[in-house]
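To start, the structure under review is shown below, and the notes come after it.
Excluded from the calculations below are hydrogen atoms, water molecules and symmetry mates; all remaining heavy atoms, backbone and side chain alike, are included. Residue numbers start from 1 in every chain, and the chains themselves are labelled A, B, ... in the order their sequence lines are given, proteins ahead of strands.
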There are 2 protein chains.
Amino acid sequence: MPKAPALERRVLDTLWSGGTWSVRQVHAAVGDGLAYTTIATVLDRLHDKGAVRRHKRGVAWRYEAARSREQAIGAEVARMFARVDADPDSLLLAFLDQVEQTDPSALDRLEALLRSRRDRE
Amino acid sequence: MPKAPALERRVLDTLWSGGTWSVRQVHAAVGDGLAYTTIATVLDRLHDKGAVRRHKRGVAWRYEAARSREQAIGAEVARMFARVDADPDSLLLAFLDQVEQTDPSALDRLEALLRSRRDRE
DNA sequence: ACCTACTACGACAATCCGTAGTAGAAGGAG
DNA sequence: CTCCTTCTACTACGGATTGTCGTAGTAGGT
């Protein structure tokens, strides 16, 4: 139904806030009147996709994110690079435009990152 | 069926190569043994989504991209920014990593772009 | 008046996602 | 040992998206 998997994202956000979580805990954290089994299903599917890890704690599973938010963002960026592979320069341009528009001060941070990366070698 | 709309992308790539196209021409360009009506449908759906423009040429439609590839990339980048909105700095990092990994020389171009953008104001 | 090319519309299968119910196992309380 | 609560596993369903076509009807040229 949704264009982007909104509920999965909310669950992941919860896990990314740190630690391991039982279904019940995630359910409480996400709230929104959703059924317990809805959260259980989402967690299960996330596990099938390899997005989360889990281990048994007694009868129940304990879940944690399989990759950090940073890694997930990295994968997202990689996917985008693959999608536009014919035209990397437009991507640089578009990226700068977006950064500037979202948060102009980020341009400075970007430049600092860039410099430190160059100096590192 | 597919995660990313592969055929729509191929059709768009064709249109992005320039000019206006009849269904028949796109069909020939995409090839791959697909039926003529398959291409017609894809073009039609692309039109519904506003991704392409069309005007009648006699009985037939002539299609062209509604936005340039560059604009499409910009929209893509904007979508990604929205998705990660809580953590823009990780995005900067991940972006640099990807640029470096894809094409190290692009880092220099990025820096040049950054500088020219800053000097422009 | 007929053939051809083109569009409009409908259809179907696969997949994803949100959402949830049910059955059954497992463990603690008496 | 038996009952109640808690969890998981499995199944299901509806809506959306996409790939893929078929059919029917229309409009123009020969």
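- Applying the side-chain hydrogen bond (donor to acceptor under 3.5 Å, both in side chains) definition to pairs two or more places apart or across chains, those involving residues 55-64 of chain A are A:Arg54-A:Tyr63.
- For C:dT7, one of the phosphate oxygens OP1 or OP2 lies less than 4.0 angstrom from a side-chain nitrogen or oxygen of B:Tyr36.
- Pairs of residues two or more places apart, or lying in two chains, that qualify as ring pair (Phe, Tyr, Trp, His ring centres under 6.0 Å) and include a residue from residues 95-117 of chain A are A:Phe95-B:Phe81, A:Phe95-B:Phe95.
- Residues B:Arg83 and A:Arg9 are in side-chain contact: their nearest non-hydrogen atoms beyond the backbone lie under 4.5 Å apart.
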Problem set entry | Watson-Crick and G-U pairing of DNA chain D, under 3.5 Å, as dot-bracket with | and [ ] | ||||||||||||||||||||||||||||||
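- Put simply, the side chain of B:Glu111 reaches to within 4.5 Å of the side chain of B:Arg115, judged on heavy atoms.
- For residues 11-23 of chain A, every residue pair satisfying the salt bridge (charged side-chain N to carboxylate O under 4.0 Å, His left out) rule, not counting sequence neighbours, is listed here: A:Asp13-A:Arg69.
- Distance from the side chain of B:Leu7 is smallest to D:dG19 among D:dA9, D:dG19, C:dC6.
- With rounding to whole Å, B:Gln25 atom CD is found 10 Å from C:dC6 atom P.
- Within residues 14-24 of chain B, the residues approached by DNA chain C to less than 4.0 Å at the level of any non-hydrogen atom are B:Val23, B:Arg24, in residue-number order.
- Look at CG on A:Asp44: it is 14 Å from C1' on C:dA20, rounded to the nearest Å.
- Nearer to the 5' terminus of DNA chain C, by closest-nucleotide assignment, is the contact made by B:Lys56 (compared with the other of A:Leu34 and B:Lys56).
- Residues satisfying the side chain to side chain contact (heavy atoms under 4.5 Å, CB included) test with A:Ser17, not counting sequence neighbours, are A:Trp21.
- Under the side chain to side chain contact (heavy atoms under 4.5 Å, CB included) criterion, A:Asp108 pairs with no residue, sequence neighbours left out.
- Spacing between atom CD1 of B:Ile39 and atom P of D:dG19 amounts to 10 Å, rounded to whole angstrom units.
- Closest to the side chain of B:Ala6, from the set D:dG19, C:dC17, D:dA9, is D:dG19.
- In this structure B:Ala94 satisfies the side chain to side chain contact (heavy atoms under 4.5 Å, CB included) test together with A:Ile73, A:Val77, sequence neighbours excluded.
- In this structure, the side chain to side chain contact (heavy atoms under 4.5 Å, CB included) partners of A:Leu107, at least two apart in sequence or on a different chain, are A:Leu96, A:Val99, A:Glu100, B:Leu114, B:Arg117.
- Atom CG in A:Asp48 sits about 15 Å away from atom P in C:dT15, given to the nearest Å.
- One can place CG of A:Leu43 at 16 Å from C1' of D:dC10, the figure rounded to the nearest angstrom.
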Side chains of residues 28-41 of chain A: which donor-acceptor partners sit under 3.5 Å, not counting sequence neighbours?
residue : atom : partner : partner atom : Å
A:Asp32 : OD2  : A:Arg10 : NH1          : 3.1
A:Asp32 : OD2  : A:Arg10 : NH2          : 3.3
A:Thr41 : OG1  : A:Thr37 : O            : 2.8

Tabulate atom names and distances for all N/O pairs under 3.5 angstrom spanning the protein and nucleotides 21-30 of chain C.
residue : atom : partner : partner atom : Å
C:dG21  : N7   : A:Thr37 : OG1          : 3.3

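- Rounded to a whole Å, the NE2 atom of B:His27 is 14 Å from the C1' atom of C:dA5.
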N/O donor to acceptor pairs below 3.5 angstrom from side-chain atoms of residues 45-52 of chain B, sequence neighbours left out:
residue : atom : partner : partner atom : Å
B:Lys49 : NZ   : B:Glu8  : OE1          : 2.6
B:Lys49 : NZ   : B:Glu8  : OE2          : 3.1

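- For A:Lys49, whose side chain is taken as the heavy atoms from C-beta onward, the closest listed nucleotide among D:dC7, C:dC17, C:dA8 is C:dC17.
- C:dG10 atom P lies 13 Å from atom CZ of B:Arg45, rounded to whole Å.
- In this structure, A:Gln101 places its CD atom where only 12 or fewer heavy-atom neighbours from other residues, nucleotides or ligands lie under 6.0 Å away.
- Rounded to whole angstrom, the span from the CZ atom of A:Arg57 across to the C1' atom of D:dT8 amounts to 18 Å.
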